[in-house]
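A short worksheet on the structure shown next.
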Amino acid sequence: MPELPEVEEAARRLRRALEGRAIVALQLLHPALRARIASRRLAALRGARIARVERRGKHQLIHLEDGRELRVHFRMNGDWETGRAGEPVPRFARAILALDDGTRVALIDSRALATVELFGRGEAPPLALGPEADDPSLDVGALARALARRRGAIKPALLDQRLLAGVGNIYAAEALWRARIDPFVPASALDRRQLVALLRALRAVIARASGGRYRASDAADARPARAPRLDVYDREGERCRRCGTPIARAVQAGRSTYYCPTCQARSAAR
DNA sequence: GGTCGCCTGGTA
DNA sequence: TACCAGGCGACC
């Protein structure tokens, strides 16, 4: 379930399980994962202590005390499932991280598209990510200048992690609906007022996805209590909650875009 | 910029 | 059986 709010919650659970612990083993169960890390380097993880877990955009960074770094990206379906050593391995587990306290964290990923990378001290390349999409101090001017240079529609631009980190297909559609912006309008055609509205909408959508969605108590293994309410995504043919017009679906850059043809009125700049 | 492929599953 | 999938990197 990977967009910023879901990855943030996953990283939080990972942090609770990992910080201060030492690695007993990292097992890569899927060949696509094994192909990316030499078995020697994998084995050399034994005994390494975890310093901290960090999220940047949709990436999760596991910093080891010796400077090595594990980077995990869930892609489409990844999630963590924590358990105890010796328990049956979950269906769809693609990697297992065993810790010195008997905890076991499984990367579950039915489509096996998630990635795990291991870097030595000082080897991890910088992530090509823009500012976090929900960062309240985000500079609208900088974003406006970046968008002004772009060709193409705003919706695919929102998915470019170099522009804003953490926005995915669902919340891009939701934010555009909320800001009443036509997903096909050229990114360079948005005026400042629209950009401000778009950023506000992104923050609202992300906040709604994060807040109240998880039980505040039961920190050990909080799971989504319910799916966040969506206004347009996956609602093709259903009525717009604002104006009643049937929600439309189109394809942009190979991804589904859901929008209201009435309140996200076709812009003259299209 | 757009399209394809990665993998494997859930669903109509 | 076909289509679709919340991501992204390689390719044109």
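Per chain, numbering begins at 1; letters A, B, ... match sequence-line order. The structure displayed is predicted, hence computed values, not measured ones. FYI, side chains are in, hydrogens and waters are out, and symmetry mates aren't considered; it's all heavy atoms of this structure.
- At the phosphate of dC8(C), OP1 or OP2 sits under 4.0 Å from a side-chain N or O atom of Lys58(A).
- No N or O donor and acceptor, one from the side chain of Gln252(A) and one from the base of dG2(B), sit under 3.5 Å apart.
- What separates CD1 of Ile170(A) from P of dC8(C) is a distance of 13 Å, to the nearest Å.
- Of all the heavy atoms in Leu176(A) and Lys155(A), the pair that sits closest is CD1-CB, 3.8 Å.
- The side chain of His59(A) places no N or O atom within less than 4.0 Å of a non-bridging phosphate oxygen (OP1 or OP2) of dG7(C).
- Using a 4.0 Å heavy-atom criterion, one finds that Arg162(A) contacts no nucleic acid atom at all.
- In this structure, Arg71(A) forms a cation-pi arrangement with Phe119(A), its terminal cationic atom sitting closer than 6.0 Å to the ring centre and no more than 45° off the ring axis.
- Between dA12(B) and dG6(C), the two P atoms lie 16 Å apart (nearest whole Å).
- Under the Watson-Crick or G-U wobble criterion, with both distances below 3.5 Å, dC7(B) has no partner in any strand shown.
- Rounded to a whole Å, the CG atom of Asn77(A) is 10 Å from the P atom of dG10(B).
- In this model, a donor atom of one side chain and an acceptor atom of the other lie less than 3.5 Å apart for Glu54(A) and His63(A).
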Throw together a table of side-chain donor-acceptor distances under 3.5 angstrom for residues 187-194 of chain A, partners on residues two or more places apart or in other chains.
residue, atom, partner, partner atom, Å
Asp191(A), OD1, Arg193(A), N, 3.2
Asp191(A), OD1, Gln194(A), N, 2.8
Gln194(A), OE1, Asp191(A), N, 3.1

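- Mapped onto DNA chain B by nearest heavy atom, Asp109(A) and Asp160(A) fall at different nucleotides, with Asp160(A) at the one closer to the 5' end.
- Side-chain proximity of Pro156(A) to the nucleotides dG1(B), dG6(C), dG2(B) is greatest for dG2(B).
- Put simply, Arg249(A) has a side-chain N or O that comes within less than 4.0 Å of OP1 or OP2 on dA5(C).
- If you check dG6(C) for Watson-Crick or wobble pairing at under 3.5 angstrom, you find it has no partner at all.
- The CG atom of Asp79(A) sits 17 Å away from the P atom of dG6(C) (whole-angstrom rounding).
- Distance, Arg150(A) CZ to dG2(B) C1': 12 Å, rounded to whole Å.
- The base of dA5(C) sits within donor-acceptor range of the side chain of Arg111(A), with an N or O pair under 3.5 Å.
- Between the CZ atom of Arg255(A) and the P atom of dG2(B) there is a distance of 13 Å, given to the nearest Å.
- Atom name C1', nucleotides dC4(C) and dC4(B): the rounded distance is 16 Å, in whole Å.
- Glu19(A) contributes a side-chain N or O that, together with a main-chain N or O of Val53(A), makes up a donor-acceptor pair within less than 3.5 Å.
- Between Tyr171(A) and Glu6(A), the side chains place a donor N or O and an acceptor N or O closer than 3.5 Å (distance only, hydrogens not considered).
- Rounded to an integer number of Å, the gap from Leu33(A) CG to dC7(B) P is 10 Å.
- For Glu6(A), the listed nucleotide lying nearest its side chain is dG6(C); candidates were dT8(B), dG6(C), dC7(B).
- Applying the 4.0 Å criterion to OP1 and OP2 of dG7(C), one finds that Tyr171(A) has every side-chain N and O outside that range.
- dC7(B) and dC11(C) have their P atoms separated by 15 Å, given to the nearest Å.
- Contact annotation for Ser256(A): backbone-only contact, meaning every heavy-atom pair under 4.0 Å involves sugar-phosphate atoms and none involves a base.
- The side chain of Met76(A) lies closest to dA5(C), out of dA5(C), dT3(B), dC8(C).
- Taking atom CG of residue Leu113(A) and atom C1' of nucleotide dT8(B), one finds them 8 Å apart after rounding to whole Å.
- Nearest to the side-chain atoms of Arg91(A) among the listed nucleotides dG10(B), dC7(B), dT3(B) stands dG10(B).
- Along DNA chain C, the nucleotide nearest His73(A) and the nucleotide nearest Tyr258(A) are compared for position; the residue whose nucleotide lies closer to the 5' end is Tyr258(A).
- For the pair Lys155(A) NZ and dG7(C) C1', the computed distance is 12 Å after rounding to whole Å.
- Geometric assessment of Arg12(A) against the ring of Trp80(A) yields a negative cation-pi assignment under the 6.0 Å and 45° thresholds.
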